[in-house]
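Because the structure is a prediction, the values reported are computed rather than measured. In what follows, every chain begins at residue 1, and chains take the letters A, B, ... in the order their sequences are listed. Heavy-atom basis, side chains included; hydrogens, waters and symmetry copies ignored.
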Number of protein chains: 2
Amino acid sequence: MADFFNVISPPDAIDLMSEMISSVGFETVYTEDALGRTLAKRVVSEENSPSFNRSSMDGYSVRASDTYGASDALPAYLELVGEIPMGSEAFLSLSPGETATAYTGGMLANNADAVVMVEHTKITPTGLLEVYRPVASGENVIMAGEDFQIGDSILAVGKTIGHAELGALMSLGITSIQAYRTPKVAVISSGDELVPPKEKLTGGMIRDINLYTIGALVEGLSALPTLFPRVPDEFDELLDVGKRAIEVSDMVVFTAGSSISSRDLTAQVMNKMGSPGVLIHGLSVKPGKPTILGFSAGKPIIGLPGNPVSAITIFKAVVDPLLRLISGQKIFPGNKIVEAILNSNLPSTSGRTDYVRIQLKNENGKTFAVPVHGKSNLISTILESDGYVEIDSESSGVYKDSLVEVYLD
Amino acid sequence: MADFFNVISPPDAIDLMSEMISSVGFETVYTEDALGRTLAKRVVSEENSPSFNRSSMDGYSVRASDTYGASDALPAYLELVGEIPMGSEAFLSLSPGETATAYTGGMLANNADAVVMVEHTKITPTGLLEVYRPVASGENVIMAGEDFQIGDSILAVGKTIGHAELGALMSLGITSIQAYRTPKVAVISSGDELVPPKEKLTGGMIRDINLYTIGALVEGLSALPTLFPRVPDEFDELLDVGKRAIEVSDMVVFTAGSSISSRDLTAQVMNKMGSPGVLIHGLSVKPGKPTILGFSAGKPIIGLPGNPVSAITIFKAVVDPLLRLISGQKIFPGNKIVEAILNSNLPSTSGRTDYVRIQLKNENGKTFAVPVHGKSNLISTILESDGYVEIDSESSGVYKDSLVEVYLD
């Protein structure tokens, strides 16, 4: 039993799995339903935006040269020939010395090349416009195509649609996109010691947590979890559920019981689910060593450790990047990492990747990373912390006052 | 027209509005459906977790004193009297010199106070257990109540349920919670120049973007947007829609057209929707000055600027904190701010809060904040940036190399 694990490092495991991963297919999605979806084809603008020279101020469109030298003491006087209402075509043309009312977001009169802000003007009793400031050509005007031009690549493949992307697409009249399908992830919990959360505990029974925490983590990545709760630790039954799960899913995650026999069973089932079966049995990490990774029918299968904290840790460190690859999310959100100053020494064993839970503290404008001590199997350590640091396998630890990268939850 | 705005600063506006805001009511929610919901009542543990002294390793439960002095050269020899299977009650009691197989997550035998890891043992041909390392009392054991104890306050009011909170609740058998209702937010777009995104543009027409960007931002805060698209700039019709919207919603957001008349109309409608109507007309900010804030029937009403970038900016700076207050989210996520070194001077006008879009760049392990220049009304500036910095109204600018806080999108 001593050499149970054929361990490799998490980065090596991710690389190995990534080579065999293909992303899910794509489908046409209405832009208005595309929030959180990931682009499978890049978006190119077929229009200029804005489509016309647009005023960025409320005021008066002018020929800029008519305002040169204007000041409070010596205003320029222009003849107000009308207005271009919001949404209207420019039906007026300015001759030298003429001006027309312009609205924020509206068209300028023809021949106008700038807008004077209303605050810098006054209408005289005789109806002339007094202008107190000169404007340069182009001032207070957004030129046609200044936001996006025909042929501009607006959004790249792998980009996730957020509010700004939605706005850009709508502004260009792009009302449907090609998006990756939402990946379906089966989460199977097994372990004879598990009972549903609603049950009173007796003897050595524990409540099934992983089903829910892993389901929530899957949802957090905009994927669709399907939960298969509490399959007994029995080969035929677990294999049957596993086969059903992989048929309807793009990825299968087992959260086995934490006993060796339960883990062994998961590996046996994974091997029978289809070729090649188990690829990696054990990771050189703490926590999370008893992790199993494999494939069947081109779909990744992951056996997570039974311990809830280890399961969450391995999900974040290993399953998260694999699921992003499947879902086509090529651009990783950079805003999930913050730098902080480690406030105590963190010893580590060389040859093993350590994930240490961190609480962030701000003091005098500096961000400190405070390791959350206590046994790693306590879910309270995750509740109390903001994220984790990874100490790679080459390192034998990190010294106090070092700058560390904290991966936020 | 010169003194159109009765401007105050965004923090003052938020304070003023906050005094009159009450959070939405709460309801009972099954924990398994509670992901993303916000707690309205604190959660107290009614159990110890774990409920029994649990092994954290695969190995053998022992009386620790039986292992003292054990080494490779001089192992301790213990009589293996059986095993406590996963999930089983401890039906064995150890006399001195006895041991029983223990599984990760399983119970220890009675009288045992520690677990020897399987890696530090061997079974002799005669069936005795050889132990090569001493263990201290409590070693490799999670004591009953070590994660949570009866009476512990587990989760505070205002906490949002994420994967870890879900796990903690389930581990304690708490299968329902009191959560704030999901706030409903009506988003009304108006402006005679607006057309639906699918339409070809003619003349001075522009496509309606704000309806979608603001709807997406509402969804991003786990609230439920209801979209009321493109109401004409006509008092009776807009008031009718406004009244219907406030009846079915907890907050109403108008995104008016960008012309003065359209904004005026919004203010008039807000005043007729109910008492007190408009409270704040104009903010001392750039961009986003033409923002209107008010109340009707105790529900906040916001008139956003028509310019899409201004609307997004004001949503983040002003509407976001108000919506969080309504939804009971008292604990603000701290992970949306990163510190970065400003890479150029940022001049600002004193007496006005400036929001400047920022692109983050990492160089030599340092994070730099690069202001995204270009006209503030371009949605491309938001696409290119990662967040924004706020330059408060007392400041006349921020110097290059200053440390700034970037609010991430």
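- Within the 4.5 angstrom heavy-atom criterion, atoms from both the backbone and the side chain of Ile154(A) approach chain B.
- Thr104(B) contributes atom OG1, which lies 8.5 Å from atom CG of Asn307(A) (distance to the nearest 0.5 angstrom).
- Contact annotation for Glu219(A): only side-chain heavy atoms (C-beta onward) come within less than 4.5 Å of a heavy atom of chain B.
- Distance CZ/Phe148(A) to CG/Leu383(B): 5.0 Å, rounded to 0.5 Å.
- Chain B forms more heavy-atom pairs under 4.5 Å with one residue of Pro308(A), Gly105(A), Ser380(A) than with any other, namely Ser380(A).
- Contacts of Met170(A) with chain B are made by both backbone and side-chain atoms, with heavy-atom separations under 4.5 Å.
- Leu201(A) has its side chain out of reach of Phe52(B): every pair of non-hydrogen atoms, C-beta onward, lies at least 4.5 Å apart.
- The number of heavy atoms from other shown groups lying within 6.0 Å of OH (Tyr30(A)) does not exceed 12.
- In this structure, chain A has a heavy atom under 4.5 Å from the backbone of Val141(B), while its side chain stays farther away.
- Proximity to chain A is limited to the side chain of Thr175(B), based on heavy atoms less than 4.5 angstrom apart.
- With a 4.5 Å cut-off on non-hydrogen atoms, Glu165(A) touches chain B through its backbone and its side chain both.
- Most heavy-atom pairs under 4.5 Å with chain A: of the set Asp192(B), Thr367(B), Leu172(B), this distinction falls to Leu172(B).
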Donor-acceptor pairs under 3.5 Å, side chain of residues 204-212 of chain B to any protein atom, not counting sequence neighbours: which ones?
{"from": "Arg207(B)", "atom 1": "NE", "to": "Pro197(B)", "atom 2": "O", "distance (Å)": "2.9"}
{"from": "Arg207(B)", "atom 1": "NE", "to": "Glu199(B)", "atom 2": "O", "distance (Å)": "2.9"}
{"from": "Arg207(B)", "atom 1": "NH1", "to": "Glu47(A)", "atom 2": "OE1", "distance (Å)": "3.0"}
{"from": "Arg207(B)", "atom 1": "NH1", "to": "Ser171(A)", "atom 2": "O", "distance (Å)": "3.0"}
{"from": "Arg207(B)", "atom 1": "NH2", "to": "Glu47(A)", "atom 2": "OE1", "distance (Å)": "3.4"}
{"from": "Arg207(B)", "atom 1": "NH2", "to": "Glu47(A)", "atom 2": "OE2", "distance (Å)": "2.7"}
{"from": "Arg207(B)", "atom 1": "NH2", "to": "Glu199(B)", "atom 2": "O", "distance (Å)": "3.1"}
{"from": "Asp208(B)", "atom 1": "OD2", "to": "Ser189(B)", "atom 2": "OG", "distance (Å)": "2.8"}
{"from": "Asp208(B)", "atom 1": "OD2", "to": "Arg230(B)", "atom 2": "NH1", "distance (Å)": "3.0"}
{"from": "Asn210(B)", "atom 1": "ND2", "to": "Gly306(B)", "atom 2": "O", "distance (Å)": "2.8"}

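- Top candidate by heavy-atom pairs under 4.5 Å with chain B, chosen from Ser176(A), Ser88(A), Pro50(A), is Ser88(A).
- Ala168(B) and Ile379(A) make their closest contact through N-CD1, 4.0 Å (heavy atoms, listed as atom of the first residue, atom of the second, distance).
- Considering only heavy-atom pairs separated by less than 4.5 Å from chain B, the leading option among Lys122(A), Glu339(A), Glu146(A) is Glu146(A).
- Of all the heavy atoms in Thr213(B) and Gly167(A), the pair that sits closest is CG2-CA, 3.5 Å.
- Interface remark: of the candidates Ile382(B), Leu166(B), Leu155(B), Leu166(B) forms the most heavy-atom pairs closer than 4.5 Å to chain A.
- The greatest number of non-hydrogen atom pairs below 4.5 Å with chain A, out of Lys198(B), His163(B), Glu89(B), Glu32(B), is found for His163(B).
- In terms of the side-chain hydrogen bond (donor to acceptor under 3.5 Å, both in side chains) criterion, Thr202(A) has no residue partners (sequence neighbours excluded).
- Contacts between Lys200(B) and chain A at a heavy-atom distance below 4.5 Å involve the side chain alone, from C-beta outward.
- Residues Arg263(B) and Asp58(A) are in side-chain contact: their nearest non-hydrogen atoms beyond the backbone lie under 4.5 Å apart.
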